[in-house]
Amino acid sequence: MADQATKLRRIIKNTSSAAQTRPLARVITVTSGKGGVGKSNVAINLAIQFRKMGQRVIILDADFGLANIEIMFGTVPKHNLCDLIYQGKNIKEIITWGPMGVGFISGGSGISGMYNLSRDYLVYIIVNLAELDAIADTIIVDTGAGISDAVLEFLVASGEIILVTTPEPTSITDSYSLLKALNHHPRFSRTDTVIKTVSNRVESEAEGEQLYHKLSAVSNRYLKLPLTYLGAIPQDPQLAKAVMQQLPVSLANPSAKSVRSFENIAQKLCPGQGASEMVRTRGMAAFFSHIIKSRKLENEAELTSAKEPASIAGRTGTSG
Ligand SMILES: Nc1ncnc2c1ncn2[C@@H]1O[C@H](COP(=O)(O)OP(=O)(O)OP(=O)(O)O)[C@@H](O)[C@H]1O
Ligand SMILES: [Mg+2]
């Protein structure tokens, strides 16, 4: 078996060099200031739209413990990220395949627990997660509600953020608070991050645009942080109905008005099917290395001693 540290060095070299030796997955993180504004619906419906475009998509449900995606897909995962960390499962074993071949990984409490793991374990996890770059074209990370440290860690690691806001005044102020917290984060890089906004639950296109202009104006003025606009999703009873049926509305009712919006947004994210838009992609290994950067995993010298943990090296097919 190839030495884990050697593999990690190869992965880090690949993700940081201009001429990557293999394609990396595009990582898009969906977030919001206020909870319950439609993040998980945006994540699953964009995933379905990307599948329709022929992409391979995996959703990482990073809403620890709340299991949003599995409920919306009506699919119970056998394993989650904890099983990769603690039970020695490999990455393919922890992916659950939902409708239309959208893969998802349930975070469980795995990600929050990552901060307390030894370096050897982290090396093992990153080497495994890096394999997602070969399995998926796009990885959509669905973050939890609220502005927690864990959510901010995901956002600073992301090159591409989708910020979901609704016209409710509290949603707008909470989105601004999130942007402010992100902007103040010591590892946030404004040059390496694009923040794209979606206005959800609007009564009209104009209301969606207005919402974007409001948020963009305060962000530009007080944070000097530019935002771009992906579009609006209408208030749609069909979407709420699909949630009750545990299906993405894009599948439950493809002619629903919100589905047209998801199609438009997906098109905007992938104009010309990747022909023209240069999406800066860092891939999954870089994403997670970034999250745990405080441990200085990129430090070559540190890695020379990194070995696969004994309990994992000796893993068998035991279930979690
Ligand atoms: N465009 C919409 N039209 C109608 N209802 C909507 C729309 N978007 C979201 N909802 C309603 O809001 C609920 C919450 O949506 P969702 O679970 O996607 O939000 P969330 O931001 O992921 O929540 P959490 O912060 O708890 O993870 C849905 O179950 C649905 O009933
Ligand atoms: Mg959610």
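Both counts, for ligands and for their atoms, begin at 1 and track the order of listing.
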Keeping waters out of it, list the protein N, O or S atoms under 2.8 Å from the Mg ion (ligand 2). Ser40 OG, Asn68 OD1
Restricting to non-hydrogen atoms, name the atom on [X] and the atom on [Y] that form the minimum distance, rounded to 0.1 Å.
{"X": "Ser106", "Y": "Glu70", "answer": "OG-OE1, 3.3 Å"}
{"X": "Leu84", "Y": "Asn90", "answer": "CD1-C, 4.0 Å"}
{"X": "Leu152", "Y": "His185", "answer": "CB-CD2, 4.1 Å"}
{"X": "Ala242", "Y": "Val249", "answer": "CB-CA, 3.6 Å"}
{"X": "Ala134", "Y": "Arg56", "answer": "O-NH1, 2.9 Å"}
{"X": "Gly144", "Y": "Lys39", "answer": "O-CE, 3.8 Å"}

Does an N or O anywhere in Ser40 fall below 3.5 Å from an N or O of ligand 1? yes
Would Pro237 count as a polar contact of ligand 1, with the cut-off being nitrogen or oxygen pairs under 3.5 Å? no
Closest to atom 30 (C) of ligand 1 by heavy-atom distance, out of Val249, Leu239, Thr143, is Leu239
Which is closest to atom 8 (N) of ligand 1 in terms of heavy atoms, Val42, Asn200, Asn68? Asn200
Do any heavy atoms of [X] fall under 4.0 Å from ligand 1?
{"X": "Met244", "value": "no"}
{"X": "Ser32", "value": "no"}
{"X": "Pro234", "value": "yes"}

Which ligand 1 atoms does [X] reach within 4.0 Å, using its non-hydrogen atoms?
{"X": "Asp236", "answer": "2 (C), 3 (N), 4 (C)"}
{"X": "Asn41", "answer": "15 (O), 16 (P), 18 (O), 28 (C)"}
{"X": "Gly35", "answer": "25 (O)"}
{"X": "Gly38", "answer": "15 (O), 16 (P), 18 (O), 19 (O), 20 (P), 21 (O)"}

Using the rule that two of Ile, Leu, Val, Met, Phe, Trp, Tyr join whenever any of their side-chain heavy atoms come within less than 4.5 Å, decide whether Val202 and Tyr176 are in one cluster. no
4.5 Å side-chain heavy-atom contact, Ile44 and Ile59: yes
Is the closest side-chain heavy-atom distance between Gln245 and Lys241 below 4.5 Å? yes
In Asn200, Asn45, Asp236, the residue satisfying side-chain hydrogen bond (donor to acceptor under 3.5 Å, both in side chains) with Ser258 is Asp236
Do the ring planes of Tyr229 and Tyr212 sit parallel (below 30°), tilted (30 to 60°) or perpendicular (above 60°)? parallel
